[in-house]
There are 2 protein chains.
Amino acid sequence: MYERKIPEDLECGINISMKVLSGKWKPCIIDGINKGIRRPSELHAAIDVAAPRVINMQLRELEAYGLICKKIYPGLPLRVEYYLTELGESTLPIIQALDQWGNENREHVRKIVLQLQE
Amino acid sequence: MYERKIPEDLECGINISMKVLSGKWKPCIIDGINKGIRRPSELHAAIDVAAPRVINMQLRELEAYGLICKKIYPGLPLRVEYYLTELGESTLPIIQALDQWGNENREHVRKIVLQLQE
DNA sequence: TTTAGCAGGGAATAATTATTCCCCCACTGA
DNA sequence: TCAGTGGGGGAATAATTATTCCCTGCTAAA
């Protein structure tokens, strides 16, 4: 396993949450699964700006942290679905707060991003 | 200004919020300022696991996004204080949700982090 | 006149994360 | 037999972020 060079601070609650949720697409994935987008190929299609590989990696991480669980249906064609665990569901207030704030401040943030990049 | 190579997705509310709040110490800084830790040197002392330079950079970003404002008091000794703007205050529900989830799940997350690193 | 406290930034480098490219397996239908 | 679908991973590389090192300027106190 990869070993971090810089020790992490898991004292502060905020950092613990950020550790689990940070990752470019993790909150989106949780949101998607919560909305019923459960199959990998559906998630890839829904978050099409992200490379499929990245989504797979983040799914594995979310599974490792126990926020989602993976159900493999026997038989063919292959069918895999991800579900939120109870722990995963307990992050929904965070995800919803992020979503709401972002939607309310979309234009403001966009303006500043453009300014900073010009 | 630095120009990103990979365009960002500012469609989704979640990503907009993450854009503004992601940064290893940004949520901690907002939390700290909210708790009354307003001066740079105090923030450095309070978040002593972070290099002061990083905190300064993140303060500048938070200021650029309009989440905090900087008050420079005239006269000497030098005295600078940061305050949350209204917009900054509007992120507090997110910060509080992060803090709460992290505190409730500290041991669980710690266990898994250790497992992954062994 | 040196030292310390306070606020801060430039440049280089290290560390971490995301992305791309190309591969695997099993099956179905043409 | 070939192409396509569904699920997935290894390795290398690019991109982004954090960190370190060292510097500036000011004043007050020793």
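Since the model is a prediction, treat every value here as computed from it, not as a measurement. Naming: A, B, ... by sequence-line order, numbering from 1 per chain.
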K.L.:
To the closest 0.5 Å, what do you measure between CZ (B:Arg38) and CD1 (B:Ile33)?
P.N.:
8.5 Å

K.L.:
Under a 4.0 Å threshold between the charged nitrogen and the carboxylate oxygen, would A:Lys35 count as salt-bridged to A:Glu42?
P.N.:
no

K.L.:
Any sub-3.5 Å donor-acceptor pair from A:Thr85's side-chain atoms to A:Leu67's backbone N or O?
P.N.:
yes

K.L.:
Could you verify whether a donor N or O on one side chain and an acceptor N or O on the other, from A:Ser90 and B:Trp101, lie under 3.5 Å apart?
P.N.:
yes

K.L.:
Is B:Glu107 salt-bridged to B:Lys111, cutoff N-O under 4.0 Å?
P.N.:
no

K.L.:
Quickly work out the B:Glu42 CD to C:dC6 P distance and round it to whole Å.
P.N.:
9 Å

K.L.:
Take the protein atom CD1 of A:Ile55 and the nucleotide atom C1' of C:dT19, then report the distance between them rounded to whole Å.
P.N.:
12 Å

K.L.:
Can you find a side chain N or O atom of B:Lys24 that sits less than 4.0 Å from OP1 or OP2 on D:dT19?
P.N.:
yes

K.L.:
Just to be sure I understand the rule, does B:Gln58 reach a base, reach only the sugar-phosphate, or reach nothing, if contact means heavy atoms closer than 4.0 Å?
P.N.:
sugar-phosphate

K.L.:
Nearest to the A:Pro40 side chain among D:dT19, D:dG7, C:dT19, which nucleotide is it?
P.N.:
D:dG7

K.L.:
Distance check needed: C:dA11 C1' versus B:Met57 CE, whole Å only.
P.N.:
12 Å

K.L.:
Quick one: A:Leu59 CG to C:dT17 P, roughly how many Å, whole number?
P.N.:
17 Å

K.L.:
From C-beta outward on B:Arg53, which listed nucleotide comes closest to its side chain: C:dA15, C:dA11, D:dG9?
P.N.:
C:dA11

K.L.:
Starting at CD1 of A:Ile29 and ending at P of C:dT17, how long is that distance when rounded to a whole Å?
P.N.:
15 Å

K.L.:
Ignoring the backbone of A:Ala51, work out which of C:dT20, D:dT19, D:dG25 is nearest its side chain.
P.N.:
C:dT20

K.L.:
When you get a sec, tell me which of C:dG8, C:dT16, D:dT20 is the closest nucleotide to the side chain of A:Arg4?
P.N.:
C:dT16

K.L.:
With heavy atoms under 4.0 Å as the rule, sort B:Ile6 into base, sugar-phosphate or nothing.
P.N.:
sugar-phosphate

K.L.:
Does OP1 or OP2 of D:dT16 have a side-chain N or O of B:Lys19 closer than 4.0 Å?
P.N.:
no

K.L.:
In this structure, how many angstroms lie between the C1' atom of D:dA29 and the CG atom of B:Leu78, rounded?
P.N.:
16 Å

K.L.:
Tell me: NE2 of A:His44 to C1' of D:dT5, nearest whole Å?
P.N.:
13 Å

K.L.:
Could you state the atom-to-atom distance from CD1 of A:Ile72 to C1' of C:dC25 in whole Å?
P.N.:
14 Å

K.L.:
Would you say A:Ser41 places a side-chain N or O within less than 4.0 Å of OP1 or OP2 belonging to D:dG7?
P.N.:
yes

K.L.:
I want to verify a distance call: between C:dG8, D:dT20, D:dG7, whose nearest atom is closest to the B:Tyr82 side chain?
P.N.:
C:dG8

K.L.:
Mapping B:Arg79 and A:Pro52 to their closest nucleotides on DNA chain C, which lands nearer the 5' end?
P.N.:
B:Arg79

K.L.:
So, does A:Lys70 get its side chain near the phosphate of D:dG8, meaning an N or O under 4.0 Å from OP1 or OP2?
P.N.:
yes

K.L.:
For a quick check of understanding: with a heavy-atom distance under 4.0 Å over all strands, which category does A:Val54 fall into, base, sugar-phosphate or nothing?
P.N.:
base

K.L.:
Once you apply a heavy-atom cut-off of 4.0 Å, does B:Lys26 come out as touching a base, just sugar-phosphate, or nothing?
P.N.:
nothing

K.L.:
Salt-bridged, B:Arg79 to B:Glu81, with N to O below 4.0 Å?
P.N.:
yes

K.L.:
Could you work out which one of D:dG9, C:dA15, D:dT19 sits closest to the side chain of A:Arg60?
P.N.:
D:dG9

K.L.:
Nearest to the B:Arg39 side chain among C:dA7, D:dG8, C:dA15, which nucleotide is it?
P.N.:
C:dA7

